[in-house]
Structures are given as C-alpha cells and as structure tokens.
Amino acid sequence: MIHITLPDNSIKEYPTGSTALDIARSISEGLARNVLAAKVNNEVWDATRPIDSDVRLRLLTWDDAEGKSTMWHSSAHLMAEAIELLYPGVKFGIGPNIENGFYYDMDFGDRTITPEDLVKIEQKMLELAREKQGFIREEISKAEALKHFKQKNDEYKLELINDLQDGSITLYHTGKFTDLCRGPHLPDSGFIKAIKLLSIAGAYWRGDEKRKQLTRIYGITFPKAKDLTEYLVLLEEAKKRDHRKLGKELELFTFSPKVGMGLPLWLPKGAMLRERLETFLKNLQRKAGYLPVITPHIGNVELYKTSGHFQKYGKDSFQPITTPVEGEQFMLKPMNCPHHCEIYSYKPRSYKDLPVRLAEFGTVYRYEQSGELHGLTRVRGFTQDDAHIFCRPDQLKEEFIAVIDIVLHIFKTLDFKDYTAQVSLRDPNDHEKYIGSDENWEKAESAIIEAAAERGLATTVEIGEAAFYGPKLDFMVKDALGRKWQLGTIQVDYNLPERFELEYTGSDNQKHRPVMIHRAPFGSMERFVAVLIEHTAGKFPLWLTPDQAIVLPISEKYVEYAKNVLHLLQNSEIRALVDERNEKAGRKIRDAEMMKIPYMLVVGEKEEETGTVSVRRQGEGDLGTFSIEAFVNLINEEIKRLTGQ
RNA sequence: GCCGAUGUAGCUCAGUGGUAGAGCACUUCCUUGGUAAGGAAGGGGUCACGAGUUCGACUCUCGUCAUUGGCUCCA
C-alpha cells in the first residue's frame, strides 16, 4: 500500500501502483472526469501513471495552470498526429505548450501550408479527439529512440535525442503517432473538445537564424466549446485596443512610405499628448536634481569607436554620412550616452559635484530589421527620455533606487499595475558579446540586484540579456495582444566611463572614475505612448487627453453661447472645442462618446439663461448642471487627484 | 533579413477575365432639435506600383514597394 497526502493534508491509503485517476475516482466520478494531470510531489505527472511510493498529490484540472499546459501540450501532439495522417512524411521539430495554447514546428518539405489547410487539420484533430485516444507513455533507451526516429528519417528528433541523457528518454504514443516527449499528457484526447488553429509562421530550427526555417502552426484548445467562443471574443476585443488602430482613429500618429518605414509622424493631437508626458517627467526630474542638456542628432564615427558601439553595431546601423569636403564620417545618433559622456568631461569634476545627472529627450535612429518594425513599439527613429547619472561608487545604490522610484511613480500615476521587473545579466560564458572586466560586471550586477531588493521589487532574472556594456533592470509590460515590451530601463555601467576616461577628483586629491547609470523611465516616447494607448483603450487620463471637453449646443441658436463657454474654459487652461455642426444633440453626444472626449457640455436655452452647462461624463452619463466655475474646479480637482501635481 | 498572409474611395470592407460597389466620413439643401446615429441630393477610386499572359487584366503570372502574423535581432 502507498500513502497519498492530499492538499488538505489528509492522508489516504491506496494500493501500490494506483494512478491519480484512480485516486480521483475514489473521491468522486465527477472529479475524475475533470482531471487532466496530477502534481506528484513537485512534478507534474500523467494522471494515468502508476504511483508506487508515498507522495503528496494534487489533482490538476482546467482551473490549474498546469492543467491548461498539459491540455495544450497534448493538443500539440494531437495536431502532429493529424498532420502526419494528412501530410505523410512531415518531419517534426518541437511542439510545446505556451502561455495561451501551443505550437508545433514542422518541416513540410516543399509544401506550403495555407489557412485552408488549417481548417482541414482542425477537423482531423476533432475527429481524432472524439476517438478518445490515450497518451501512452513509454520509457526507452537512447539507442532505441535513435533507431525509431532514424527509421522515420526525422533529423530534428535525432538531433534532440543526441543531446539527451540515456535513461531519461520517454516516448508518448497517440493513435499511430509517436513523439519524443517528457510529458505529461492528458489521460486521453477526448478532453479536447474545442480547437482553433490560429496562425502559420516561419520559425528557425532551435531559434538559430543560420539554420533551416520550419513551419510553425499556433493553436489553442479548450475543454468546452463555450470557452473557445469566449476566447475568440476576447481576442477581438483586444484587437480593438491595438494602438495602431486607435492611433489612426484618434489622429495621434501616422506613417508614410515616402518618409520611410518605421519613421513615425506625430500628428498634432499625438504630439500634444507626448509633450504633456514629457512635461510631466521634466517636472519630476527637475525636483530630482536632473540638469537638461541638448545634443546634436549626429556624431563623429570616432565617438562611437570610443564607446564601442561602432564595433558592436556599426554594420547594422544606418551607415555613416561622409562630409563632401573633408571626408569625415558622421553617424545618425543611435544613442545619447556618448554625447553625454563628452558633456561630463568638458570640465574637471570634483567629488563634491557628483552626482551629475544629465537629461535629454534625445531622438535616436536605429536600423531595425524591416520585418521587426511594429507600429510605434518598434521603430527606426524614436525619442528616449534619456538621462545619464555620473556618480561616485558610494552613491550608486542610492541613485539607482531614486531612479526606480521615478519609474514606479510614473507607473502609479498612469495606473500601470501589470508589469514585471526584469534583471538582465550577462552570460558569463559569452565573452564575445560583452566588454569590460569581470570585476566591473560583478559590481554592476550586484548593485542592481541589491537596489531592486531594497525597493521590494519582485524581479525575474534573465541571463544573457544584458547590454554589451552593462546589466540592466527593465520594466516590462504586455500589449493588448499579450506581446511583451520593455518600457523603463535602468542600466549600471562601469565600462563607458573607462572608455571615455571619465574622472573626478576625490577628497584625497586623486583622480577617480565615476560610475554611470543609463536610465529611461518611459523607455521611448513612441513605445510608451503605444502601450498607454492600449492600456487605456484610448481613454486617456484627463490631464493627458487631447480634448478634455466638448461643448454641444442643442441647436444653432446656442452656438454663440457655446463659443462663450469655450472661451471661458480656454481661459482656465482647459482644452475644449465646440461641435457647431447642424446635428441633433443625440448625434453630437454619440460622436463625442466615440471620440472618447471625457466631458460633454450640453448647452441650450436653460443653460444660456442661467450661465451654466449640463455635464455628461464619457462612458458614464449625465452628471447634472454646473456653473462654468464649478466645472473648471471639477476638472482641476480631477487632474490634481490623478497627477498629484 | 527569413517564412507566410494582405494591399479596392479619407475610414471599414464587398466584388467579378468584359464600363467599379456599400456603409461611415465629406459638400450642399431641408430640418432647429435636450443626453449614443433626423432627411434628401451630390462629389470622390490609374482597384499599391511595374512588367508579362490575353481580343480584353482590378481579377491570372512574375517582380517591386508597403502593411501584417511569427522567427531572428533589439545599444
């Protein structure tokens, strides 16, 4: 007999070799019907795998993250099975579950898979799912595994097996399909009730762009048809928040092929929104002791040779401009740090002067690969809310923490709650990718980790994600469709000060080297605005929104009064406009609602007589009648509450 | 850059190897209205661009450009 400890800490006795499914059945048939997998001690197992020792057991259903991932992993197998049946000879790469669904990378040879194929595959999958095929686990030796896939002539699986340890290799059989797989899997394919194959993509084998590109099919499955419908509705809703769509609708920005791909054109409303964000940060920075600087959009190639950027990114940049007479070479500024280093060193610095915090909204140009461009989130010309802090080593942690506080303040003000803080460290085995001594790297990395800990940030650590000159703390957020973007970034750098031979005179009258912090709390204005659009679905906070109020005269008779109201509002620094069109009030309200203007001021006979406005809040409805003064107060109070300024 | 998809009016999108369509927006007129679409008339497109096939191409083929889903990259 074995002893099973359940999540409520009760211990039950079962015959040796009982499965999680057996145990579920002993509790209730209904539970057993919903068990997708089981957590055995700390490992997720097939619910059908015999247990032969005392363990702690948790049954996993669709409500558990591990339940979902098991479902999706099994769905990848089911898709592979369907594809093998429909297109014999396809070679399989890897097919994991992902955050929302699964994919499988496959080599279809010369065949191109079309969206119509996806429908066929879906149908085949449903057919196979209805057969309630088991996922049969088999432990196998490395030699046997190699033999099996050699027979199938599947070079991708053979490569994977070659990297595996003998004795730890398992296969899973579903119907006639066999896959190399660690598992775990569903008890049978009948749990998969609703299937949607979402997209076809190319993906390099093992993520290496020098290797063959396989065909990747993404999909998602659910235990109920209703869940799939809901998911698809959710996707549609998310698409409505896409900043590219809203940016067009709200007239914030545009692109022109004539200007060039990835070079955003800010329209008046977008430009004014961005300016307000910049002013907001400038105010914060002034209080935090930053000094403004302005530097040119180009710099001599020598500058970037000194910084190391030329060696590292020169080939992949917009190529240098050569002057017609002297033949000197200038690069479009891909980052601001080298310019700021030169500002630091234009005069001798004393330890008493530090920290020096140089801030600039600096526009930079990077030759991003054409396929990588994406709305405002990935562009070739963008403006960083950049600053470089030059400080003494003993000031580093304090300065770093002060920057974290700025980032957190911005996120709080804009109600960004769903972000992750990522510590990006170098890969200590990769000496090609990074410059500087191990000692400097270690100092920089521990400074970041300590500072983040001091502010109680829950961080994830990514090895090999550091910049070439130093480690970073990045603030990541997701867009409407779940894609992750880096916003704020804070980087510690011991290397550029060395390359630029930056110095200060210490209290000991000796020369010392300052430490540098690169930081951009928004990241870039373009990306931040993009994320802000998606976060707010275009309903910007009152202090940022292009038009705060619109005056809606009931008929043309009251246009004159509406204009008077407008002037009074404008005198109080409120951004407003009048809808003078010859339309009914209902129509004007509808259009203002669609334009997401926060306040609608309806004026007619009643208001004109009393010198008031009838206030309607976007998305909420009628708030009643206000004097102009009371309305101005309402707006100002709301802005004060939102910004704390 | 790579693998796929897409490109028709300002916007969202139908459409066919034989003279180019809708809704919204726009213009004019009627209507002068009270909290999410009042009515009528009208203007507007080299069907992304360039070649080819064809009696004839918006439609079929190839190329270019741009957009887009991913991959790779991201100072």
Side-chain angles (χ1 to χ4, degrees), chain A residues 103 105 108 112-115 117 198-218 242 244-245 248-249 251 255-258 260-262 304 307-314 316-317 333-338 364 366-375 377-380 384 386 424 433 435 465-470 472 474 481 483 485-486 489 491 493 496 518 520 524 527 552-559 581-594 600-607 614-624:
Chain A
Y103 67 78
D105 284 348
F108 282 88
T112 303
I113 293 297
T114 65
D117 290 311
L198 296 161
S199 67
I200 310 163
Y204 298 108
W205 172 234
R206 302 202 123 181
D208 184 344
E209 67 178 318
K210 289 182 189 71
R211 303 196 65 177
K212 183 162 175 144
Q213 195 158 37
L214 306 181
T215 301
R216 173 175 296 181
I217 299 180
Y218 284 93
D242 190 314
R244 293 166 297 186
K245 178 176 153 67
K248 193 184 273 180
E249 285 172 7
E251 300 187 309
F255 290 89
S256 149
K258 272 208 184 96
M261 56 162 79
Y304 303 104
S307 70
H309 287 100
F310 186 77
Q311 296 84 324
K312 184 83 186 161
Y313 295 104
D316 307 318
S317 293
K333 178 163 79 174
M335 81 294 302
N336 304 298
C337 15
V364 298
R366 295 179 185 176
Y367 180 75
E368 306 290 2
Q369 296 188 68
S370 56
E372 193 43 64
L373 299 173
H374 183 97
T377 46
R378 193 77 186 272
V379 286
R380 285 179 166 176
Q384 295 176 310
D386 212 355
S424 298
K433 201 171 159 187
I435 59 168
E465 291 293 309
F468 76 94
Y469 50 73
K472 3 178 232 177
D474 290 331
L481 291 169
R483 290 177 285 229
W485 298 98
Q486 172 208 309
T489 179
Q491 311 175 2
D493 184 359
L496 288 190
H518 308 245
S524 83
R527 186 176 287 176
L552 309 177
I554 282 294
S555 82
E556 287 177 345
K557 280 188 274 185
Y558 310 105
V559 168
R581 291 176 307 163
N582 178 10
E583 292 290 351
K584 292 174 122 173
R587 179 50 183 274
K588 292 183 183 181
I589 285 167
R590 178 185 153 81
D591 289 346
E593 286 278 348
M594 306 277 280
M600 284 150 268
L601 308 178
V602 180
V603 297
E605 187 179 5
K606 198 173 64 187
E607 289 78 11
S614 285
V615 179
R616 179 189 165 100
R617 172 88 212 195
Q618 200 268 348
E620 290 172 25
D622 200 348
L623 298 185

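Note on naming: letters A, B, ... go to the chains in the order of the sequence lines (proteins, then strands), and numbering restarts at 1 for each one.
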(request) Give Ala203(A) one of three labels, base, sugar-phosphate or nothing, depending on what nucleic acid heavy atoms sit under 4.0 Å from its own. (result) sugar-phosphate
(message) Please report the interatomic distance OG(Ser307(A)) to OH(Tyr469(A)), rounded to the nearest 0.5 Å.
(response) 9.5 Å
(request) Would you kindly check if the NZ (Lys) or CZ (Arg) of Arg216(A) is within the cone defined by 45 degrees around the ring axis of Tyr103(A) and under 6.0 Å from the six-membered ring centre? (result) yes
(message) Tell me the interatomic distance from Ile217(A), atom CD1, to G69(B), atom P, rounded to whole angstroms.
(response) 19 Å
(message) Can you measure Lys312(A) atom NZ to A75(B) atom C1' for me and round it to whole angstrom units?
(response) 9 Å
(message) Tell me which one of Asn336(A), Val364(A), Thr489(A) satisfies side chain to side chain contact (heavy atoms under 4.5 Å, CB included) with Asp386(A).
(response) Asn336(A)
(request) Please give the nucleotide sitting opposite C74(B) as a Watson-Crick or G-U wobble pair, both distances under 3.5 Å, or none. (result) none
(request) State, yes or no, whether a side-chain contact exists between Asp105(A) and Trp205(A) at a heavy-atom distance under 4.5 Å. (result) no
(message) Pairing donors with acceptors under 3.5 angstrom, does anything connect the side chains of Glu607(A) and Tyr558(A)?
(response) no
(message) Between Arg617(A) and Asp622(A), does any side-chain N to carboxylate O distance fall below 4.0 Å?
(response) no
(request) Taking atom P in both U6(B) and A20(B), compute the distance separating them and give it to the nearest angstrom. (result) 24 Å
(request) Would you give the length of the straight line joining atom NZ of Lys584(A) to atom CG of Leu552(A), rounded to the nearest 0.5 angstrom? (result) 15.5 Å
(request) Name the residue closer to the 5' end of RNA chain B, choosing between Thr215(A) and Arg527(A) according to the nucleotide with the nearest heavy atom. (result) Thr215(A)
(message) Using atom P in both nucleotides, what's the gap between C24(B) and A57(B) to the nearest angstrom?
(response) 34 Å
(request) Determine the Euclidean distance between corresponding C1' atoms of G43(B) and U53(B); express it in Å to zero decimal places. (result) 37 Å
Check nucleotides 65-68 of chain B for protein N or O atoms closer than 3.5 Å to its own N or O atoms and list the pairs.
| residue | atom | partner | partner atom | Å |
| --- | --- | --- | --- | --- |
| U68(B) | OP1 | Arg244(A) | NH1 | 3.4 |

(request) Would you kindly check whether a donor in the side chain of Arg378(A) faces an acceptor in the base of C74(B), or vice versa, at under 3.5 angstrom? (result) yes
(message) If you assign Glu209(A) and Arg581(A) each to the RNA chain B nucleotide with the nearest heavy atom, which residue ends up on the more 5' nucleotide?
(response) Arg581(A)
(message) Just so I know, are the side chains of Val602(A) and Ile589(A) near enough to count as touching, which here means a heavy-atom distance under 4.5 Å?
(response) yes
(message) Classify the ring geometry of His374(A) against Trp485(A): parallel below 30°, tilted from 30° to 60°, perpendicular beyond 60°.
(response) tilted
(request) Would you kindly give the CD-to-C1' distance between Gln213(A) and G70(B), to the nearest whole Å? (result) 9 Å
(request) May I ask you to verify if any side-chain N or O of Tyr218(A) is less than 4.0 angstrom from the OP1 or OP2 atom of C71(B)? (result) yes
(message) If I pick the P atom on G39(B) and the same atom on U32(B), what distance separates them, to the nearest angstrom?
(response) 15 Å
(message) Taking G44(B) as the reference, what is the distance to A51(B) when you measure between their C1' atoms (whole Å, please)?
(response) 30 Å
(message) What's the separation between atom CZ in Arg590(A) and atom CE in Met600(A), rounded to the nearest 0.5 Å?
(response) 12.5 Å
Table of protein N/O atoms under 3.5 Å from nucleotides 47-51 of chain B N/O atoms:
none

(message) Quick test of your reading of the model: are Arg616(A) and Glu593(A) salt-bridged, counting only N-O distances below 4.0 Å?
(response) yes
(request) Measure from the side-chain heavy atoms of Ala467(A) and tell me the nearest of A75(B), C71(B), U12(B). (result) A75(B)
(request) Name the pairing partner of G10(B), where a pair is Watson-Crick or G-U wobble with both distances under 3.5 Å, or state none. (result) C24(B)
(message) I need the CD1-C1' distance between Ile435(A) and A75(B), as an integer number of Å.
(response) 10 Å
(request) Going 5' to 3' through nucleotides 34-39 of chain B, assign each nucleotide B (protein heavy atom under 4.0 Å from a base atom), S (under 4.0 Å only from sugar-phosphate atoms) or - (no protein heavy atom that close). (result) BBBBB-
(message) I'd like to know if Asp208(A) pairs up with Arg206(A) as an ion pair, taking the criterion as any Lys NZ or Arg NE/NH1/NH2 lying under 4.0 Å from an Asp or Glu carboxylate oxygen.
(response) no
(message) At 4.0 Å (heavy atoms only), tell me whether Tyr103(A) reaches a base, stays on the sugar-phosphate, or touches nothing.
(response) nothing
(request) Both distances under 3.5 Å, Watson-Crick or G-U wobble: report the partner of A5(B), or none. (result) U67(B)
(request) Can you tell me the pairing partner of C62(B) across any strand shown, Watson-Crick or G-U wobble, with both distances under 3.5 angstrom? (result) G50(B)
(request) Give a yes or no answer on whether the side chain of Arg380(A) reaches the backbone of Tyr367(A) with a donor-acceptor pair at less than 3.5 Å. (result) no
(request) May I have the distance from Arg380(A) (atom CZ) to A75(B) (atom P), rounded to whole angstrom? (result) 17 Å
(message) For C74(B), does the base pair up with any side-chain atom of Glu368(A) as donor and acceptor (N or O, under 3.5 Å, distance only)?
(response) no
(message) In this structure, how many angstroms lie between the P atom of C3(B) and the CG atom of Leu214(A), rounded?
(response) 13 Å
(request) Taking atom P in both U27(B) and U68(B), compute the distance separating them and give it to the nearest angstrom. (result) 30 Å
(message) Within the 4.0 Å heavy-atom criterion, would you say Lys212(A) contacts the bases, only the backbone, or no part of the nucleic acid?
(response) nothing
(request) Determine the contact category for Gly207(A): base if any of its heavy atoms lies under 4.0 Å from a base atom, sugar-phosphate if only primed atoms, P, OP1 or OP2 are that close, otherwise nothing. (result) sugar-phosphate
(request) Can you tell me the distance, in whole Å, between the CD atom of Glu251(A) and the C1' atom of G10(B)? (result) 10 Å
(request) Provide the distance between the two C1' atoms, one in C11(B) and one in G70(B), to the nearest whole Å. (result) 28 Å
(message) By nearest atom, which of the nucleotides U12(B), G70(B), G69(B) is closest to the Lys248(A) side chain?
(response) U12(B)
(request) Mind calculating the distance between CH2 (Trp205(A)) and C1' (C2(B)) to the nearest angstrom? (result) 18 Å
(message) Using every non-hydrogen atom in the two residues, find where Asp117(A) and Thr112(A) come nearest and quote the distance to one decimal.
(response) OD2-O, 3.7 Å
(message) Could you check whether Asp493(A) and His518(A), counting side-chain N and O atoms only, form a donor-acceptor pair closer than 3.5 Å?
(response) yes
(request) Using the C1' atoms only, state how far G45(B) lies from U28(B), rounded to an integer number of Å. (result) 22 Å
(request) Could you say whether the aromatic ring of Tyr313(A) and the base of A75(B) stack, counting only centre distances under 5.5 Å and plane angles under 30°? (result) yes
